[in-house]
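I'd like to ask some things about the structure below.
All values below were derived from every heavy atom in this structure, side-chain atoms included, with hydrogens, water molecules and symmetry-related copies excluded. Start at 1 with the first residue, then count along the sequence.
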Amino acid sequence: MINWIKWLLVGVAVLAAIIASGLYLTLYLSLPSLDGNNSTYHVNSPTELQRDALGHAVIQADDIFDAAYALGFAHAQDRFFQMDLQRRSASGNLSQWVGSIAIERDKSARFHQFSKRAQAVFDALPQNQKTLLVQYSHGVNEALKESTVAPFEYLAAGVDIQQWKPTDSILVVYSMYLDLQSSQVDFDLARTALLNTFGDDLYQFITQPSTFQAALDGSEIPLLDADIPPFPKEQTEIDNVAYTGVELPDIGSNNWAVTGNLTATGAGMLANDMHLGLRVPVIWYRAQLNYMVSGEEVSVTGVSLPGLPGIVVGTNNHVAWGFTNSNLDNVDWVELQPGTPTTMVTQSIPLPDGKHEFELEVSEFGPVKHINGKKFALNWVAHHPFAVNLNIVDLGPTKTLNQAMSVIKQIAIPTQNVVLVDENGGAAWLPGGAVLEREKASFTAISEAQYQNNPPKRMASLPSVVNPDSNRIWTANARVIGASDFEQLGDGGYALGARGQQIRDRMFEKDRFNETDFYAIQLDNHARFLMPWHDLLYGLLATQDVEFKPDLSYLNTWGACACEDSVGYTLVKHFRQEVVQTLFGRILTQLDAQDVNSRTLLRGIEPATWQLIHQQPDSWLTQDASSYDELLVDAYRRAKHKLLDKFSPVEADMEQLRWGNVNMLAVNHPFASQIPIVGSLLNMDAVEGFGDTYMPAVQAPRFGASERFFVSPGHLEDAILTLPGGQSGHPLSDFFDAGFEDYATHAATPLLPGEIVHSRTFYKKDEQ
């Protein structure tokens with residue numbers, strides 16, 4: 001009997017080894033070929049695709065069209081899964097891959113009809129940009145054709161690879177619109193629902209301006225001068241509601257610059273850290289494009305976006321540029337009259353085992369949504385042909401600040417705060433991207449007549465700041481424009497402004513900067529914003545020190561920072577969150593019941609919250625609280641117990657509430673949880689979290705700096721580009737996690753590529 005069991009176990013082990021070997025072999029065979037020569041009909045001259053030890057793609061070509069072919073080839077070899085995800089996300093075709101779990105997400109994407117719009121955009125592009133997309137597609141598809149085994153994601157999902165089309169690159173831009181501006185779509189609708197449901201007094205109270213303002217010209221929007229409106233009990237039937245909304249994790253990007261007057265070299269210096277959701281593979285792809293324009297060499301180094309030709313953020317050694325989301329208002333919801341005609345359009349979403357059909361309502365004003373018995377049509381800049389172009393590639397040949405600014409004024413992408421510096425010491429800020437032109441921006445829904453009197457077109461003239469007297473420029477998703485431009489350009493969901501103030505103040509602490517100084521600002525996790533909340537909580541608990549003696553000890557040693565070892569920081573942060581949810585949950589839950597996203601209103605909730613805490617109107621007390629002190633202490637108890645239930649449910653050990661543990665950075669592959677036993681190997685190593693919202697070092701468990709970029713044109717040997725992951729999405733690639741360690745330890749990865757270790761050359765057919 002024992003021998004039989006022994007041989008059974010041996011057999012199982014052998015079978016498992018055979019299966020594992022087969023899986024490994026399949027994965028190995030799907031690795032791309034990084035060396036050798038190719039002949040193709042799609043380059044005009046010999047074109048090289050090289051890689052260094054990080055997998056940094058270095059392309060040598062005679063013109064930008066051949067460079068686009070090689071970049072498409074590289075993207076497909078290393079990141080086709082990511083490219084496919086982005087086109088599917090924008091077109092509403094994720095369900096074909098992952099099943100019905102993605103139906104609602106696909107329906108939300110199809111609301112915008114981006115597949116149809118992508119074709120219209122492509123048709124309107126100038127011929128050279130069409131050619132660029134066609135060449136890029138040829139590179140992608142020839143890399144796919146070369147593969148003998150599909151990437152593992154396709155094998156796991158049982159989905160066939162579909163060839164890349166030029167319009168798919170337009171869909172990738174639309175996927176960025178969804179990432180960067182879809183909260184604007186939600187924000188306008190939430191403000192409309194708030195106004196229509198609770199009236200103007202409460203609307204003004206909740207959306208009031210704050211003291212956290214850091215516009216470049218120092219201008220301020222006047223603060224609200226009005227009494228707190230009574231709590232609308234007659235309109236709010238829900239009491240003691242467990243509202244769970246928290247701030248959206250799409251606010252966090254920073255960029256800043258100084259002129260050459262504040263650098264040792266006399267050249268301008270730029271810092272940029274675009275914040276996005278973090279996953280495997282990371283969103284950006286290192287590349288250097290070397291090509292000729294009018295007989296002159298162009299070399300552009302930075303990050304590209306798989307799915308698109310060209311460099312998104314980077315430098316040509318004469319000029320450097322970086323982006324943050326600008327949040328200018330680019331959305332109008334149009335309230336339709338009862339008799340306004342609409343049309344129902346049937347949409348069919350493919351599923352692994354069939355399809356899901358639903359109807360989309362559209363009007364001449366845009367796709368339609370129903371809120372409280374009324375119809376609203378969406379007019380969003382992304383819905384118009386002028387929302388997308390490839391003009392960003394024209395930054396390559398620019399040599400001066402003014403030349404680069406001229407290009408930025410013509411690009412069509414989700415509107416960004418573009419910060420530029422040049423080798424001559426100049427620095428500038430201006431919005432870059434498509435902006436709807438209106439005489440006056442809307443904050444809530446507009447009428448059909450207002451829409452018709454101001455039909456959609458792109459705004460031609462936007463403000464800018466060039467070489468300011470302070471020699472400093474900063475942006476952080478909050479209002480950058482002056483108060484005089486606010487009425488026309490509006491508020492598409494600005495960050496509160498606390499982070500912008502902190503960056504601005506750090507920049508005035510020194511009169512000379514280098515790349516290391518800039519890196520230190522990017523890693524600044526000082527909790528200046530939460531200090532009043534710390535003081536409030538400490539004062540409340542100090543009156544009941546027997547119950548909260550351990551808590552007071554943690555608050556005493558909180559360090560005033562989002563540091564890995566701080567328990568006190570965790571307590572203060574979640575105390576604030578619970579207070580906001582307690583005070584406003586009854587109102588926001590009623591808005592959510594109308595199918596709007598109330599979380600967008602939380603970005604500006606701080607001044608209203610403190611007004612309630614300071615003035616303590618009785619009507620805002622919840623039923624189970626007899627005083628504000630009781631309400632606040634109970635909110636803290638709930639926050640603490642929620643944390644312990646999650647992070648130490650058995651021992652209730654408060655040491656487990658260290659911020660590094662609570663805010664653990666987890667850069668994971670989206671399929672990792674669906675693959676048993678070995679799925680976790682697809683993830684980057686977990687890293688203790690150190691930053692948070694409302695400070696320059698913004699980080700959440702799956703959200704953070706998608707790149708850390710520091711550059712001074714003309715001095716690229718000192719430039720830094722650190723990414724939260726590797727170049728390749730293939731788990732057996734040498735480039736899978738190359739560079740992540742630098743990101744995790746806050747080290748400085750050089751911007752410029754290192755020694756070349758792989759090289760492929762593409763020759764024109766019959767010329768090899």
Pairing of R472 and D511 as salt bridge, 4.0 angstrom limit: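 Answer for the salt bridge query: yes.
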Quick one: list whatever passes side chain to side chain contact (heavy atoms under 4.5 Å, CB included) with V465, sequence neighbours left out.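 Partners of V465 under the side chain to side chain contact (heavy atoms under 4.5 Å, CB included) test: L216, W429, P468.
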Can you name the side-chain hydrogen bond (donor to acceptor under 3.5 Å, both in side chains) partners of Q181, sequence neighbours left out?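 Q181 satisfies side-chain hydrogen bond (donor to acceptor under 3.5 Å, both in side chains) with W380 only.
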Got a list of side-chain donor-acceptor pairs under 3.5 Å for residues 293-300, not counting sequence neighbours?
residue : atom : partner : partner atom : Å
E296    : OE1  : K399    : NZ           : 2.7
S299    : OG   : N290    : OD1          : 2.7

Pick one: which of N330, N327, D329, N325 meets side-chain hydrogen bond (donor to acceptor under 3.5 Å, both in side chains) with T415?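 Exactly one option meets the side-chain hydrogen bond (donor to acceptor under 3.5 Å, both in side chains) with T415, and it is N330.
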Cut-off 3.5 Å, side chains only: do N477 and R499 have a donor facing an acceptor?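 Yes, R499 and N477 have a side-chain donor paired with an acceptor closer than 3.5 Å.
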State whether a side-chain donor-acceptor pair under 3.5 Å links D273 with N254.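 Checked: D273/N254 side chains pair up, N/O donor to acceptor below 3.5 Å.
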Residues forming a side chain to side chain contact (heavy atoms under 4.5 Å, CB included) with Q204, sequence neighbours excluded: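 If we apply the side chain to side chain contact (heavy atoms under 4.5 Å, CB included) test to Q204, skipping adjacent residues, the hits are D200, L224.
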First locate atom CD1 of I521, then atom CZ of F710, and finally report the distance between them rounded to the nearest 0.5 Å.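 These two atoms lie 9.0 Å from each other.
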Please determine if D186 and R599 form a salt bridge, counting it only when a charged side-chain N lies under 4.0 Å from a carboxylate O.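 Between R599 and D186 there is no salt bridge, as every charged N stays at least 4.0 Å from the carboxylate O atoms.
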Restricting to ring-ring contact (aromatic ring centres under 6.0 Å, His included), what partner residues turn up for Y569, sequence neighbours left out?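 If we apply the ring-ring contact (aromatic ring centres under 6.0 Å, His included) test to Y569, skipping adjacent residues, the hits are W659.
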Flag, side chain of R458 to backbone of G433, donor-acceptor distance under 3.5 Å: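 Judged by distance alone, yes, a pair lies under 3.5 Å.
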Donor-acceptor contacts under 3.5 Å from residues 600-609 side chains, at least two apart:
residue : atom : partner : partner atom : Å
T600    : OG1  : N597    : O            : 3.0
R603    : NH1  : G493    : O            : 2.9
R603    : NH2  : S183    : OG           : 3.3
R603    : NH2  : D250    : OD1          : 2.6
R603    : NH2  : D250    : OD2          : 3.0
E606    : OE1  : R576    : NE           : 3.0
E606    : OE1  : R576    : NH2          : 2.8
E606    : OE2  : W533    : NE1          : 2.7
E606    : OE2  : W610    : NE1          : 2.9
T609    : OG1  : I605    : O            : 2.8

When you check the gap from the basic side-chain N to the acidic O, do D517 and R512 get nearer than 4.0 Å?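 Answer for the salt bridge query: no.
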Report yes if some heavy atom in the side chain of Y519 is under 4.5 Å from a heavy atom in the side chain of T722; otherwise report no.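 Heavy-atom side-chain distance check passes, below 4.5 Å.
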